[in-house]
K.L.:
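Take this structure, written in structure tokens, and hold onto it; I'll ask about it next.
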Amino acid sequence: MAPVRWVHLVNVVLWSASAAIGWWWARGTRTRRARHRIYAVVTLALVIALENLLQALATHHPRSGAHLAANIVLAVAGIVAFFVAAMFGRDVVTDERVLFALSRGRLGASRVHPVAEAQHEAESVRLTPRETEVIRCLCEGLSTEEIAARLSISPHTTTTHVRNILRKLDVSSRADAIVWAVEHGLPPSRK
């Protein structure tokens, strides 16, 4: 099998994997616009993968050095796409969810006196010192396992603290808890 066919097959794997990771992260976004943008990139990655599969299976194949070089560049771009999707996908989705939560405001909140309401709400919520540490870690975008490692507690205990925080704040997601922390001036942890 010619080396260029192997490069085509590598492209199929890389671009398909990038598309799968992108699709996985797109499921966590809240707004249709963000989801549609990610799906457009995923579709492009799938088209590139399909085109490379067809070229790898073709009976007549160009043997020029320029064709091989172009496909090696495409393979490098596939590696970059895979790396970007894997490393930054969670951050993009988390940032988008927090911005979405901030843009819609607090559900059921009265807008008559927002400053007085926020101060009253912060005083009425009693978070334990450990829950305060956990919500600060949430503000940094840490996962359950990362919070557990930082605070030297088990992931199960971390999950329990997060569940208690969500219940006390009367919110349904971590993003909403982060919005609450931002609205009430709770700074992220300094570790």
Side-chain angles (χ1 to χ4, degrees), residues 10 13-39 41-42 45 75-109 118-191:
V10 167
V13 171
L14 288 172
W15 286 100
S16 298
S18 297
I21 292 171
W23 176 81
W24 177 260
W25 289 121
R27 296 173 344 128
T29 59
R30 295 283 188 176
T31 61
R32 267 185 257 171
R33 177 182 287 176
R35 215 175 7 255
H36 288 167
R37 287 178 183 163
I38 295 172
Y39 286 150
V41 174
V42 165
V76 170
I79 292 170
V80 170
F82 179 79
F83 174 77
V84 168
M87 295 302 293
F88 301 110
R90 183 181 70 176
D91 294 339
V92 169
V93 170
T94 301
D95 292 348
E96 188 272 339
R97 290 182 74 185
V98 169
L99 289 173
F100 175 75
L102 285 171
S103 70
R104 69 187 166 116
R106 304 270 297 148
L107 291 176
Q119 290 173 346
H120 174 69
E121 187 178 330
E123 292 169 3
S124 66
V125 174
R126 300 282 186 226
L127 295 177
T128 66
R130 181 61 89 179
E131 289 169 347
T132 303
E133 291 176 342
V134 170
I135 199 168
R136 285 183 169 148
C137 291
L138 287 175
C139 289
E140 290 182 39
L142 300 180
S143 68
T144 300
E145 292 77 19
E146 292 167 335
I147 294 170
R150 178 176 288 182
L151 301 179
S152 302
I153 56 178
S154 74
H156 178 72
T157 303
T158 303
T159 302
T160 302
H161 284 308
V162 171
R163 190 178 314 120
N164 290 339
I165 290 168
L166 297 179
R167 181 183 48 77
K168 286 180 179 181
L169 300 180
D170 193 28
V171 295
S172 59
S173 69
R174 290 177 177 222
D176 289 336
I178 293 169
V179 170
W180 182 91
V182 169
E183 286 177 348
H184 295 89
L186 188 67
S189 65
R190 302 272 180 201
K191 293 184 181 181

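What you are looking at is a predicted structure, and each value in this text was computed from that prediction instead of being measured.
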K.L.:
Would you name the heavy atoms of W23 and V42 that are closest together and state the gap between them?
P.N.:
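Answer, listing the atom of W23 first, then V42: N-CG2, 3.6 Å.
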K.L.:
Would you name the heavy atoms of A148 and P155 that are closest together and state the gap between them?
P.N.:
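Looking at all heavy atoms of both residues, the shortest contact is CB-N, 3.7 Å.
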K.L.:
Can you measure from CD1 (I147) to CD1 (I135) and round to the nearest 0.5 angstrom?
P.N.:
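The CD1 atom of I147 sits 10.0 Å away from the CD1 atom of I135.
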K.L.:
Kindly give the heavy-atom pair with the smallest separation between I165 and A177, and that separation in Å.
P.N.:
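For I165 and A177, the tightest heavy-atom pair comes out as CG2-CB, 4.4 Å.
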K.L.:
Kindly compute the distance separating CD (E145) from OG (S154), expressed to the nearest 0.5 Å.
P.N.:
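Interatomic distance, E145 CD to S154 OG, rounded to 0.5 Å: 11.0 Å.
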K.L.:
Find out whether H161 and L138 are in side-chain contact, i.e. whether some heavy atom of one side chain is under 4.5 Å from a heavy atom of the other.
P.N.:
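When only atoms from C-beta onward are counted, L138 and H161 do not touch, as no gap falls below 4.5 Å.
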K.L.:
Decide, yes or no, whether a salt bridge links E133 with R136 under the criterion of side-chain N to carboxylate O below 4.0 Å.
P.N.:
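Salt bridge: no.
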K.L.:
So T157 and R130, do their side chains get closer than 4.5 Å, heavy atoms only?
P.N.:
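No, every pair of side-chain atoms sits at 4.5 Å or beyond.
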K.L.:
State the SG-CD1 distance between C137 and I178, to the nearest 0.5 angstrom.
P.N.:
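Going from the SG atom of C137 to the CD1 atom of I178 covers 11.0 Å.
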K.L.:
Evaluate the criterion side-chain hydrogen bond (donor to acceptor under 3.5 Å, both in side chains) for residue pair R150 and T158; output intermediate values, then yes/no.
P.N.:
CA-CA 11 Å; R150 178 176 288 182; T158 303; over 6 Å; no
K.L.:
State, yes or no, whether a side-chain contact exists between E131 and K168 at a heavy-atom distance under 4.5 Å.
P.N.:
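They are in side-chain contact.
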K.L.:
Over all heavy atoms of both residues, which pair between L14 and A75 is shortest? Give the atoms and the distance, please.
P.N.:
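Shortest heavy-atom separation between L14 and A75 comes out as CD1-O, 3.4 Å.
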K.L.:
Which atoms form the tightest heavy-atom contact between R174 and L166, and what is the distance?
P.N.:
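That closest heavy-atom pairing would be N-CD2, 4.1 Å.
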